[in-house]
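Worksheet: the structure to be examined is printed underneath.
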2 protein chains.
Amino acid sequence: MHRGCEDCAVRDRAVCAPLDDAELAALSKLGRRRRLRRGESVVFEGDDNAVCANVLSGVLRVNATTPAGREQTVALLYPADFLGRPYARSSTHSVTALTDAELCVFPRTLFERAIGDCSPLENQLLRRTLDDLDRSRHWMMLLGRKSAGAKVASLLVDMAERLAPGGGAFDLPLTRGEMADVLGLNIETVSRQLTRLARDGVILLRGRRGIALLDSHALGERAEAA
Amino acid sequence: MHRGCEDCAVRDRAVCAPLDDAELAALSKLGRRRRLRRGESVVFEGDDNAVCANVLSGVLRVNATTPAGREQTVALLYPADFLGRPYARSSTHSVTALTDAELCVFPRTLFERAIGDCSPLENQLLRRTLDDLDRSRHWMMLLGRKSAGAKVASLLVDMAERLAPGGGAFDLPLTRGEMADVLGLNIETVSRQLTRLARDGVILLRGRRGIALLDSHALGERAEAA
DNA sequence: AACCGAGTTTGATCACGGTCAAAGCGCGCC
DNA sequence: GGCGCGCTTTGACCGTGATCAAACTCGGTT
């Protein structure tokens with residue numbers, strides 16, 4: 001068996017979760033671990049779309065570029081998330097590490113064959129893709145209809161759920177500029193909204209990346225406001 | 001076999017395309033045709049998520065509602081598109097007909113069983129969902145980063161590809177207000193942008209719904225502008 | 001410990017798109 | 001054919017968030 005499947009940090013949450021030992025053994029032969037430094041890319045927009053992967057640790061972003069050259073982050077990837085685009089020759093997005101990260105990488109065509117050979121894998125990937133689609137559409141609502149204040153609050157709620165499920169303090173994996181790319185805002189607007197949340201006692205900012213949610217309820221309300 | 005599978009208008013483009021005769025026969029026992037009048041809904045947000053369907057004819061929209069009550073259209077559905085959310089108890093979106101439409105409807109749980117029993121169906125649905133995700137993410141870029149003028153031009157290009165692949169004139173399936181819901185704009189802004197495109201000779205508006213693309217190239221350029 | 005640079009904050013101003021209001025027009029209806 | 005409703009257009013004004021510019025701060029490096 002692939003070195004480490006048995007001690008994989010996301011064994012029961014990643015797309016491999018429903019596989020039995022034999023299926024896992026077959027799949028693990030195709031994959032290998034890969035470490036990424038903050039800023040490194042796995043997939044380049046327009047490039048040959050060569051890999052799929054599971055996120056083992058770290059946070060990554062999936063980006064699209066407008067014809068005019070502006071960046072829009074279309075998804076954030078956290079541990080146990082699946083990354084890649086099976087069944088497409090080239091990728092329409094780029095994937096970059098926002099923090100140091102570790103992946104379990106599969107060559108795309110081999111992974112596609114594994115999908116065909118292993119029905120639980122195919123079904124799990126379908127369910128995940130449907131979830132991703134729901135999330136993507138939910139985020140469209142945010143981009144199209146929410147104010148800057150509600151956008152920033154929504155992102156903080158979202159990240160806190162992933163990174164500090166118990167509530168409380170955590171480190172932001174994104175710079176202000178990266179948050180702006182997610183929210184369809186610019187860097188100054190993000191900064192102003194964060195400053196305002198801090199001034200109002202909803203959050204507490206410590207240094208560049210430290211944040212604590214002092215009043216999650218108020219933050220939730222702001223995330224839902226027009 | 002289900003009345004009409006053999007003369008189905010989207011037999012070779014819908015999610016059933018890769019099925020052989022036996023598989024198609026099994027699936028067709030579960031489905032039945034349903035006509036919708038413009039404005040009728042199939043799935044209600046938060047409702048019991050009871051059905052999946054293929055679009056046979058017409059145009060539908062998939063909508064999300066902000067907590068504040070504003071509408072955002074997150075997808076448009078054209079003939080041969082798949083509609084519904086397998087594997088979820090309740091739906092997070094509502095689906096409404098923008099024109100009179102005809103569907104091939106399946107009870108959700110039976111369709112899920114069919115997915116499990118029929119691997120080509122599962123694979124085709126996976127491929128489609130991945131395509132939908134790409135489209136959704138592409139649209140996020142539009143919502144987050146494009147100007148009002150570029151948004152309206154993009155929507156026209158998109159609809160023309162679907163409704164008048166040869167180019168030329170067609171009828172808009174959406175009112176100005178519905179276009180606004182798709183683009184994250186308001187109705188007046190949509191109207192002004194259309195008027196401007198017409199004044200500049202890029203399009204020609206005839207009545208409320210008629211439109212002709214006079215200069216597709218210029219329209220494409222405007223769709224790509226910042 | 002001081003320096004340096006990237007990232008962040010703050011401020012002033014501007015413009016795009018939203019809001020409010022009213023007139024116009026297409027289209028189905030009687 | 002004329003009426004009336006609902007969608008659309010146009011106009012005036014306003015506000016949010018973008019842009020431009022400059023000061024500041026954190027954090028890593030020598």
Side-chain angles (χ1 to χ4, degrees), chain A residues 37-39 61 66 68-72 96 98-100 142-156 171-200 203-211 222 225-226, chain B residues 37-39 66 68-72 98-100 142-156 171-200 203-211 222 225-226:
Chain A
R37 316 290 300 207
R38 171 173 160 69
R61 71 171 173 203
T66 63
R70 302 191 61 181
E71 295 273 313
Q72 175 67 49
T96 311
L98 292 169
T99 65
D100 290 352
L142 172 137
L143 287 171
R145 292 299 185 196
K146 286 193 180 180
S147 67
K151 284 180 176 182
V152 170
S154 298
L155 179 58
L156 294 181
D171 275 353
L172 294 167
L174 291 73
T175 65
R176 304 291 184 265
E178 286 159 354
M179 294 177 69
D181 285 342
V182 174
L183 299 173
L185 297 172
N186 72 11
I187 189 170
E188 295 94 332
T189 301
V190 171
S191 177
R192 277 186 251 267
Q193 294 299 333
L194 285 172
T195 305
R196 189 215 283 234
L197 285 169
R199 196 193 55 217
D200 295 354
I203 62 173
L204 190 143
L205 295 169
R206 304 242 313 177
R208 292 187 174 171
R209 311 199 81 114
I211 187 170
R222 289 183 189 227
Chain B
R37 316 291 300 209
R38 171 172 159 70
T66 64
R70 302 190 61 181
E71 294 274 314
Q72 175 67 48
L98 292 170
T99 65
D100 291 351
L142 172 137
L143 288 171
R145 293 298 185 197
K146 286 193 180 180
S147 67
K151 285 180 176 182
V152 170
S154 298
L155 180 59
L156 294 180
D171 274 353
L172 294 167
L174 290 73
T175 65
R176 303 292 184 265
E178 287 158 354
M179 294 177 70
D181 286 342
V182 175
L183 300 173
L185 297 172
N186 72 12
I187 188 171
E188 295 93 333
T189 300
V190 171
S191 177
R192 276 186 253 266
Q193 294 299 333
L194 285 172
T195 304
R196 190 215 283 235
L197 286 170
R199 196 194 53 216
D200 295 354
I203 63 172
L204 191 142
L205 296 169
R206 303 243 314 177
R208 292 185 175 171
R209 311 199 80 116
I211 187 170
R222 291 184 189 226

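Order of the sequence lines sets the chain letters (A, B, ...), proteins ahead of strands, with each chain counted from 1.
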Between [N] ([atom2]) and [X] ([atom1]): distance, integer Å:
X	N	atom1	atom2	result
A:Lys151	D:dG17	NZ	P	8 Å
A:Arg145	D:dT16	CZ	P	17 Å
B:Glu178	D:dC7	CD	P	9 Å
B:Leu185	D:dT16	CG	P	18 Å
B:Arg176	C:dC27	CZ	C1'	14 Å
B:Lys146	C:dC16	NZ	P	18 Å
A:Arg209	D:dG28	CZ	P	11 Å
A:Leu205	D:dC26	CG	P	12 Å

Any side-chain heavy-atom pair from [X] and [Y] closer than 4.5 angstrom?
X	Y	value
B:Thr99	B:Arg38	no
B:Leu194	B:Met179	yes
B:Val190	B:Glu178	no
B:Gln72	B:Leu143	yes
A:Leu142	A:Leu183	yes

For A:Leu185, does its backbone N or O pair with a side-chain atom of B:Arg145 as donor and acceptor, under 3.5 Å?
->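 Confirmed, B:Arg145 side chain pairs with A:Leu185 backbone.
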Can you check whether A:Glu188's main-chain N or O pairs, donor with acceptor, with A:Arg176's side chain at less than 3.5 Å?
->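 Answer holds: no.
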Which is true for A:Gly210 with a 4.0 Å heavy-atom rule: it touches a base, it touches only sugar-phosphate, or it touches nothing?
->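 Touches nothing.
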Which part of the nucleic acid, if any, lies within contact of A:Arg208, taking any heavy atom under 4.0 Å across all strands shown: a base, the sugar-phosphate backbone alone, or nothing?
->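 Since a base atom lies under 4.0 Å of A:Arg208, the category is base.
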Which of residues 188-197 of chain A sit near DNA chain C, with a heavy atom under 4.0 Å from it?
->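 Close to the strand are A:Glu188, A:Ser191, A:Arg192, A:Thr195.
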Can you measure from CZ (A:Arg206) to CG (A:Leu172) and round to the nearest 0.5 angstrom?
->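 So the CZ of A:Arg206 and the CG of A:Leu172 are separated by 13.5 Å.
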Quick one: CG on B:Leu197 to CG on B:Leu204, what's the gap to the nearest 0.5 Å?
->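 Result: 12.0 Å between the selected atoms.
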N/O-N/O pairs, protein side and nucleotides 1-4 of chain D side, under 3.5 Å:
none

Given DNA chain D, 5'-ward residue of the pair A:Gly207 and A:Gly184, judged by closest heavy atom =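 Per heavy-atom nearest nucleotide, the more 5' residue is A:Gly184.
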Can you find a side chain N or O atom of B:Asn186 that sits less than 4.0 Å from OP1 or OP2 on C:dG18?
->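 B:Asn186 to C:dG18 OP1/OP2: side-chain N or O found under 4.0 Å.
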